[in-house]
Amino acid sequence: MSREDEIRNIRLQKIDRLREAGMDPYILHTKRDVTLHDARTHFLATKRKKKNGAFNVCGRIMSIRGAGKIMFVKLFDGTGDMQMVLRVDDLGQKKMKFFAKNFDAGDFVQFRGKLGMTKTKEKSLFIVGYKMLTKSILPLPDEHYGLSDEETRYRKRYLDILMNKDTSNRFVLRSQVIKEIRNFLDEKQFMEIETPILQNQAGGAMAETFNTYHNDYDMPMVMRIALELPHKMLMAGGYGAVYEIGKNFRNEGSDPTHIQEFTMLEWYAAYFNLEDNIRWTEQMIKRCAKLTGKTEFKVTNSAGKTVTIDLSGKWRRVEFKDLLKKNAKLDITKADRKEIMAKAQEWGMSAPDTKKTGDANLLDFIYKKSSRNKIVHPTFVTNYPGALKPLAQQNADGTASVCQLVIAGAEITNQYTELVDPIAQRELLESQAAAKAGGDNEAMEVDEDFLTAMEHGMPPMTGFGMGIDRLVAILSEQDNLRETVFFPIVKPVKKELSKKEAETKYRSKKIVVIANPKAGFGVTANAIGQLGIEIGEFAKADMFDVTALPDKDGVKHYPDALYPMANLAGNQKQMAEFYTKCIKADIQVFDFSDIMRKAHTDREMLDGYKAKKTKDIEYIAVGAVVPADFEKEWLSKLSLFG
């Protein structure tokens with residue numbers, strides 16, 4: 001038994017003792033007269049207000065010191081902390097002993113007492129009564145050592161916030177930054193909106209999607225990768241300026257500057273241009289930086305080196321083509337595809353990948369490898385290749401009227417003069433779709449709903465996108481975006497099972513397949529194989545608790561099924577009976593029938609099943625994941641197949 005399990009068992013016993021003493025360990029209603037922050041900050045005023053009388057505070061015990069005649073408790077309520085002093089002269093011997101025996105760090109408690117100063121001049125509450133509010137079962141990390149393990153901090157962010165002041169302050173800053181952004185945009189008469197996270201197709205960016213399924217509508221859907229398209233469609237409805245702060249999801253690789261679920265700010269403003277947008281961007285970010293009280297920040301760049309960035313002064317601008325000319329020795333105004341592919345390979349892209357990647361994405365790859373990582377202080381990079389920004393206004397020289405703010409080698413914003421020409425937009429999206437069909441997974445698709453809205457007419461406008469997490473990472477001087485979100489994605493911890501638990505789990509369920517040996521060995525073997533795959537896909541949970549099975553020689557063997565599989569031989573009546581019993585027991589059951597084998601189209605298969613009752617279908621094999629007792633019933637009736 002682990003130390004944590006021992007503590008848990010002891011605290012469960014304390015819960016019983018609390019109840020025996022008539023003290024509910026989980027109270028629903030309580031009374032608090034003052035917060036700990038106010039009690040400390042307005043110490044004398046609070047003391048005078050109560051005229052030396054007792055009053056109630058509530059909070060969580062962070063530590064307990066002392067024993068016997070006096071104990072010192074550090075209480076924290078979310079606004080601040082304060083020392084509680086428990087003395088036998090105030091509480092009596094019985095209450096002191098009861099507290100010492102049944103109260104622990106981590107418990108939520110109501111204390112009643114009088115304000116006063118200790119001999120060391122510590123502002124304190126001298127306790128005359130107490131009441132348990134919530135009894136904690138698991139212990140807090142040690143207050144002195146805190147919580148330092150990164151994986152644990154991500155999994156148990158609530159403990160990270162509680163034990164690490166820097167973490168708590170960082171998320172307070174994040175909240176303040178978002179509030180300041182809203183204030184900035186509200187002052188400029190932007191309207192805050194909300195748009196769907198679940199979409200029929202992704203658009204507004206170049207990224208791979210997370211895919212899901214709408215059961216009620218019986219259709220595949222994706223989680224959005226950007227906010228852009230619905231925003232611009234709403235602009236066609238007559239709004240002057242809109243913004244949204246919301247989650248996006250991109251099914252791509254993770255590193256300190258990329259996470260799959262992130263928070264975006266996007267805005268769109270009619271009758272304003274890219275110059276206005278750039279000016280607003282600088283104003284807004286500098287305004288957010290003021291929340292920290294400084295303009296210089298230490299940031300880790302893409303090379304892992306700590307650099308100091310300065311947000312004060314006028315931010316510089318540079319063109320995309322000039323960066324590649326200087327840092328990659330590539331003149332994109334003259335280079336052909338062969339030269340661009342060669343340069344991409346020179347900067348690390350494999351030859352097969354260069355062949356299936358469009359020119360614009362090749363140039364973007366070269367730029368990121370050769371130039372972006374060299375930018376330290378805030379820099380607006382302008383005029384990217386047009387095909388790379390198919391939703392932006394296209395310039396005559398093949399570039400797009402766009403801008404990105406780069407700080408310490410990371411893209412912080414995207415800003416466009418938005419394309420509102422539906423004919424040009426269709427051509428660009430069709431070109432993207434062709435690239436996607438050719439293997440470029442990050443290319444966009446044609447969105448007919450968006451194009452239809454554009455054909456109804458959109459006003460000239462400028463648009464903006466920024467990752468909130470990246471801005472917070474800069475302002476809080478964090479080198480990993482996972483430190484700026486409350487609950488970053490982590491793989492679930494696999495529970496270690498005892499030998500008995502593993503054996504029980506292994507035997508608890510099995511795949512049972514009943515097959516018709518008269519259908520011919522080849523046909524039946526194929527049916528069994530098809531059902532095994534289909535049932536395995538449906539089960540979606542490993543039955544085995546090991547991924548490799550080493551033999552006596554140390555050679556590894558790998559389980560090739562989700563569940564142990566029993567193949568039984570049966571006739572049509574028995575297979576129909578098995579199928580019907582599974583349905584009645586609410587067990588998902590699968591079949592491979594003569595109808596499936598002979599059908600050439602989905603329609604033929606559908607019509608074939610509709611024409612038959614369950615008992616009359618000519619099954620070749622039926623199968624399901626069944627509980628142990630269900631399996632034993634059929635093992636006793638039927639022989640093994642083959």
Side-chain angles (χ1 to χ4, degrees), residues 195-196 199-211 220-233 235-236 248-253 264 266 268 320-321 324 332 335-337 340-341 344 349 352-368 381-404 411 414-455 458 461 463-465:
T195 55
Q199 300 179 343
N200 291 321
Q201 68 182 84
M206 296 180 179
E208 291 195 47
T209 60
F210 282 94
N211 304 318
M221 300 194 79
V222 297
M223 299 178 78
R224 71 183 177 195
I225 58 175
L227 311 176
E228 180 168 350
L229 300 191
H231 281 222
K232 291 163 79 170
M233 291 166 75
M235 293 295 285
N248 282 346
F249 307 84
R250 297 183 184 178
N251 200 357
E252 301 170 338
M264 279 291 289
E266 289 201 27
Y268 295 85
F320 183 94
K321 64 180 177 63
L324 264 64
I332 67 174
D336 58 19
R337 178 167 174 78
I340 295 170
M341 289 173 65
M349 184 179 284
D353 283 345
T354 60
K355 291 178 182 178
K356 65 181 183 181
T357 303
D359 287 0
N361 281 327
L362 289 173
L363 292 172
D364 189 45
F365 175 85
I366 298 165
Y367 155 70
K368 288 174 180 175
V381 181
T382 63
N383 297 334
Y384 284 69
L388 195 63
K389 307 291 181 181
L391 298 171
Q393 179 64 44
Q394 304 296 296
N395 299 323
D397 62 357
T399 64
S401 180
V402 300
C403 170
Q404 280 190 343
E411 295 168 358
N414 256 318
Q415 296 145 270
Y416 291 6
T417 297
E418 300 295 340
L419 179 60
V420 295
D421 178 348
I423 308 303
Q425 184 68 88
R426 179 175 290 280
E427 291 175 357
L428 286 164
L429 288 178
E430 286 177 348
S431 176
Q432 283 284 304
K436 193 175 189 73
D440 190 346
N441 291 331
E442 293 191 355
M444 295 186 191
E445 298 174 339
V446 176
D447 189 317
E448 292 295 344
D449 289 340
F450 174 64
L451 289 171
T452 298
M454 188 174 279
E455 289 187 0
M458 289 182 180
M461 64 178 124
F464 168 98

(request) Please say which of Asn414, Leu227, Ile225 ends up in a side chain to side chain contact (heavy atoms under 4.5 Å, CB included) with Met264. (result) Leu227

(request) Over 60° means perpendicular and under 30° means parallel, so classify the ring planes of Tyr384 and Phe320, tilted if in between. (result) tilted

(message) For Ser401, run the side chain to side chain donor-acceptor pair (under 3.5 Å) check against Asn395, Thr417, Thr382 and tell me which one passes.
(response) Thr417

(request) Would you check if there is a donor-acceptor pair between the side chains of Asp353 and Thr357 at a distance under 3.5 Å? (result) no

(message) A side-chain contact here means heavy atoms from C-beta on lying under 4.5 Å apart; do Met233 and Thr195 qualify?
(response) no

(request) Please answer whether the main-chain N or O of Val420 pairs with a side-chain N or O of Gln393 as donor and acceptor at a distance below 3.5 Å. (result) no

(message) So does Ala392 get a backbone contact from the side chain of Gln394, meaning a donor-acceptor N/O pair under 3.5 Å?
(response) yes

(request) Taking salt bridge (charged side-chain N to carboxylate O under 4.0 Å, His left out) as the test, write out the residues that go with Lys232, two or more places apart. (result) Glu228, Glu418

(message) side chain to side chain contact (heavy atoms under 4.5 Å, CB included) for Leu362 and Arg337? Distances and angles first, verdict last.
(response) CA-CA 9 Å; Leu362 289 173; Arg337 178 167 174 78; 3.7 Å; yes

(request) List the atom of Ala205, the atom of Arg250, and the distance in Å for their closest heavy-atom pair. (result) CB-NH2, 3.3 Å

(message) With a 3.5 Å distance limit and no angle check, can you tell me whether Gln432 reaches the backbone of Ala387 through a side-chain donor-acceptor pair?
(response) yes

(message) To check you understand the geometry: which heavy-atom pair defines the closest contact between Val446 and Ala433, and what is its length?
(response) CG2-CB, 4.1 Å

(message) Please report the interatomic distance CZ(Phe210) to CZ(Arg224), rounded to the nearest 0.5 Å.
(response) 14.0 Å

(message) I want to check something: taking the side chain as every heavy atom from C-beta on, are Thr209 and Met223 in contact at a cut-off of under 4.5 Å?
(response) no

(message) Does any part of the side chain of Gln201, heavy atoms only, come nearer than 4.5 Å to the side chain of Asp449, both counted from C-beta?
(response) no

(request) Find out whether Val402 and Asn383 are in side-chain contact, i.e. whether some heavy atom of one side chain is under 4.5 Å from a heavy atom of the other. (result) no

(request) Kindly write out the residues that satisfy ring-ring contact (aromatic ring centres under 6.0 Å, His included) with Tyr416, not counting sequence neighbours, or none if the list is empty. (result) none

(request) Hey, could you give me the CD/CZ distance between Glu266 and Phe464, rounded to the nearest 0.5 Å? (result) 9.0 Å

(message) Minimum heavy-atom separation for Gln199 and Ala226, please, with both atom names.
(response) NE2-O, 4.3 Å

(message) Restricting to salt bridge (charged side-chain N to carboxylate O under 4.0 Å, His left out), what partner residues turn up for Arg426, sequence neighbours left out?
(response) Glu430, Glu448

(request) Using the side chain to side chain contact (heavy atoms under 4.5 Å, CB included) rule, take Leu429 and Glu445 through it: C-alpha gap first, then chi angles, then the decisive distance, then the call. (result) CA-CA 6 Å; Leu429 288 178; Glu445 298 174 339; over 6 Å; no

(message) Just verifying a value: how many Å separate Ile366 CD1 and Asn361 CG, rounded to the nearest 0.5 Å?
(response) 11.0 Å

(request) Tell me, with the steps shown, if Ile332 and Thr399 meet side chain to side chain contact (heavy atoms under 4.5 Å, CB included). (result) CA-CA 10 Å; Ile332 67 174; Thr399 64; 5.7 Å; no

(message) For the CD1 atom of Ile340 and the CE atom of Met349, what is their distance to the nearest 0.5 Å?
(response) 11.5 Å

(request) Decide yes or no for Met235 and Met458: does some side-chain heavy atom of the first lie under 4.5 Å from some side-chain heavy atom of the second? (result) no

(message) Counting C-beta onward and ignoring hydrogens, is there a side-chain heavy-atom pair between Tyr367 and Leu388 closer than 4.5 Å?
(response) no

(request) Enter the distance from Ile423:CD1 to Leu428:CG here, rounded to the nearest 0.5 Å. (result) 12.0 Å

(message) When you measure from the side chain of Gln425 to the backbone of Pro390, do you find a donor-acceptor pair of N or O atoms at a distance under 3.5 Å?
(response) yes

